[in-house]
Amino acid sequence: MTTTAAAPVVERPAPDEHAPYYSKYTDLVPDGDVVEHMDRQARETIAFLRGIPSDLHDHRYAEGKWSIKEVIGHIADAERIFAYRALRIARGDQTPLASFDENLYVPAGEFGARAYGSLVDELESVRRATLAFFRSLTPEQARRRGVASSNEVSVRAIAYIIAGHVDHHVRILRERYLGQS
């Protein structure tokens with residue numbers, strides 16, 4: 001296999017590159033190469049998820065909240081959708097992209113009926129595809145902007161949203177589901 005030059009660093013987006021709502025995710029991402037963060041995050045997250053005891057896989061920390069399986073399914077679904085948006089925008093597609101309602105997707109995904117390991121494997125595969133895509137971008141492609149959920153967003157902002165979204169949910173899993181600090 002031939003190696004190529006290192007992928008460009010996908011720089012932190014400016015605040016006007018995403019809807020203010022997404023700051024709760026982008027602010028969680030440390031400075032530096034977001035793609036490298038996503039790579040390290042994938043390894044750490046998958047190891048963390050594989051270490052959750054089997055008797056907790058269907059656990060909900062409160063009535064009406066998602067189970068751990070459902071959280072994993074949600075993370076994979078959301079990452080796929082965000083990466084698809086980034087692909088369309090990076091390729092110059094200016095078609096406005098629709099929003100999605102995670103509260104409809106989770107029950108429709110029927111994640112509770114799936115084997116826990118298959119959900120973790122799927123998330124790992126989704127992240128590998130996401131990393132391959134973001135590593136392929138030129139700096140110009142990473143700065144391209146489009147419209148998703150009726151808001152302007154840049155490709156690089158989507159990378160930060162994806163990374164921060166995972167950090168957000170892992171923190172919730174640790175604190176609310178597992179009682180860790």
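Note: hydrogens, waters and symmetry copies are ignored here, and every other heavy atom, side chains too, is used. Counting begins at 1 with the first residue of the sequence.
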- prompt: Between the side chains of Ser149 and Arg85, is a donor N or O closer than 3.5 angstrom to an acceptor N or O?
  reply: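 On atom types as modelled, these side chains qualify, holding a pair under 3.5 Å.
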
- request: State, without any angle test, whether Arg80 and Tyr84 hold a side-chain donor-acceptor pair at a distance under 3.5 Å.
  value: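 No pair is found: no donor N or O on one side chain lies under 3.5 Å from an acceptor on the other.
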
Run the side chain to side chain contact (heavy atoms under 4.5 Å, CB included) test against [X] and tell me which residues pass, sequence neighbours left out.
X: Pro53; answer: Asp55, Leu56
X: Arg12; answer: Val29, Asp31, Tyr160
X: Asn103; answer: Trp66, Asp101
X: Ser54; answer: His57

Measure across [X] and [Y] and return the closest heavy-atom pair with its distance rounded to 0.1 Å.
X: Tyr25; Y: Ile161; result: CB-O, 3.9 Å
X: Tyr116; Y: Ile68; result: CE1-CG2, 4.0 Å
X: Phe134; Y: Ala159; result: CE2-CB, 3.5 Å
X: Glu152; Y: Asp16; result: OE1-O, 4.1 Å
X: Gly146; Y: Ile89; result: N-CG2, 3.5 Å
X: Ala163; Y: Val34; result: CB-CG2, 4.2 Å

- prompt: Mind checking what makes ring pair (Phe, Tyr, Trp, His ring centres under 6.0 Å) contact with Phe48, not counting sequence neighbours?
  reply: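 Partners of Phe48 by the ring pair (Phe, Tyr, Trp, His ring centres under 6.0 Å) criterion come out as none, since no residue qualifies.
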
message: Under the rule for ring pair (Phe, Tyr, Trp, His ring centres under 6.0 Å), what residues qualify as partners of Tyr105, not counting sequence neighbours?
response: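 For Tyr105 the ring pair (Phe, Tyr, Trp, His ring centres under 6.0 Å) partners, ignoring immediate neighbours, are Phe100.
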
- prompt: Shared ILVMFWY cluster between Val126 and Val120, side chains joined below 4.5 angstrom?
  reply: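 Different clusters: Val126 never reaches Val120 through Ile, Leu, Val, Met, Phe, Trp or Tyr contacts under 4.5 Å.
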
message: If hydrophobic clusters are built by linking Ile, Leu, Val, Met, Phe, Trp and Tyr wherever their side-chain heavy atoms come under 4.5 Å apart, do Leu28 and Tyr21 end up in the same one?
response: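 No, Leu28 and Tyr21 fall in different hydrophobic clusters.
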
Return the [atom1] to [atom2] distance between [X] and [Y], rounded to the nearest 0.5 Å.
X: Asp121; Y: Ile72; atom1: CG; atom2: CD1; result: 10.5 Å
X: Tyr22; Y: Asp27; atom1: OH; atom2: CG; result: 14.5 Å
X: Arg88; Y: Arg91; atom1: CZ; atom2: CZ; result: 12.5 Å
X: Ile46; Y: Arg128; atom1: CD1; atom2: CZ; result: 9.0 Å
X: Met38; Y: Thr130; atom1: CE; atom2: OG1; result: 5.5 Å
X: Thr26; Y: Ile158; atom1: OG1; atom2: CD1; result: 12.5 Å

Kindly indicate whether the side chain of [X], heavy atoms from C-beta on, has any atom under 4.5 Å from the side chain of [Y].
X: Glu102; Y: Asp77; value: no
X: Val71; Y: Leu173; value: yes
X: Glu36; Y: Leu131; value: no

Where the side chain of [X] meets the backbone of [Y], is there a donor-acceptor pair that is under 3.5 Å apart?
X: Ser136; Y: Phe133; value: yes
X: Lys69; Y: Arg114; value: yes
X: Gln94; Y: Arg145; value: yes

For [X], give me all partners under side chain to side chain donor-acceptor pair (under 3.5 Å), at least two apart in sequence or on another chain.
X: Arg127; result: Gln41, Glu79
X: Ser23; result: none
X: Ser154; result: Glu17
X: His74; result: His165, His169

task: Check the pair Ile172 / Tyr177 against side chain to side chain contact (heavy atoms under 4.5 Å, CB included), numbers first and verdict last.
output: CA-CA 7 Å; Ile172 289 172; Tyr177 289 78; 3.8 Å; yes

task: Starting from the C-alpha separation in whole Å, work towards a yes-or-no answer on side chain to side chain contact (heavy atoms under 4.5 Å, CB included) for Arg40 and Asp33.
output: CA-CA 11 Å; Arg40 183 175 50 260; Asp33 185 342; over 6 Å; no

query: Excluding sequence neighbours, so at least two apart, what forms salt bridge (charged side-chain N to carboxylate O under 4.0 Å, His left out) with Asp39?
result: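 Partners of Asp39 by the salt bridge (charged side-chain N to carboxylate O under 4.0 Å, His left out) criterion, ordered by chain and then number, come out as Arg43, Arg135.
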
- request: Not counting sequence neighbours, which residues clear salt bridge (charged side-chain N to carboxylate O under 4.0 Å, His left out) with Glu124? List them please.
  value: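 Once residues adjacent in sequence are excluded, the partners of Glu124 under the salt bridge (charged side-chain N to carboxylate O under 4.0 Å, His left out) criterion are Arg50.
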
query: Hey, which of Leu123, Ile75, Val170 is the one that makes side-chain contact (heavy atoms from CB on, under 4.5 Å) with Leu49?
result: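 The option that passes is Leu123.
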
- prompt: How far apart are the C-alpha atoms of Val147 and Val153, what are their side-chain angles, what is the distance that settles it, and do they pass the side chain to side chain contact (heavy atoms under 4.5 Å, CB included) test?
  reply: CA-CA 6 Å; Val147 174; Val153 65; over 6 Å; no

- prompt: Quick one: do Glu140 and Arg144 make a salt bridge, cutoff under 4.0 Å?
  reply: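 Counted as a salt bridge, because a side-chain N and a carboxylate O are separated by less than 4.0 Å.
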
Carboxylate-amine/guanidinium proximity below 4.0 Å for Lys65 and Glu70: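 No, this pair does not count.
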
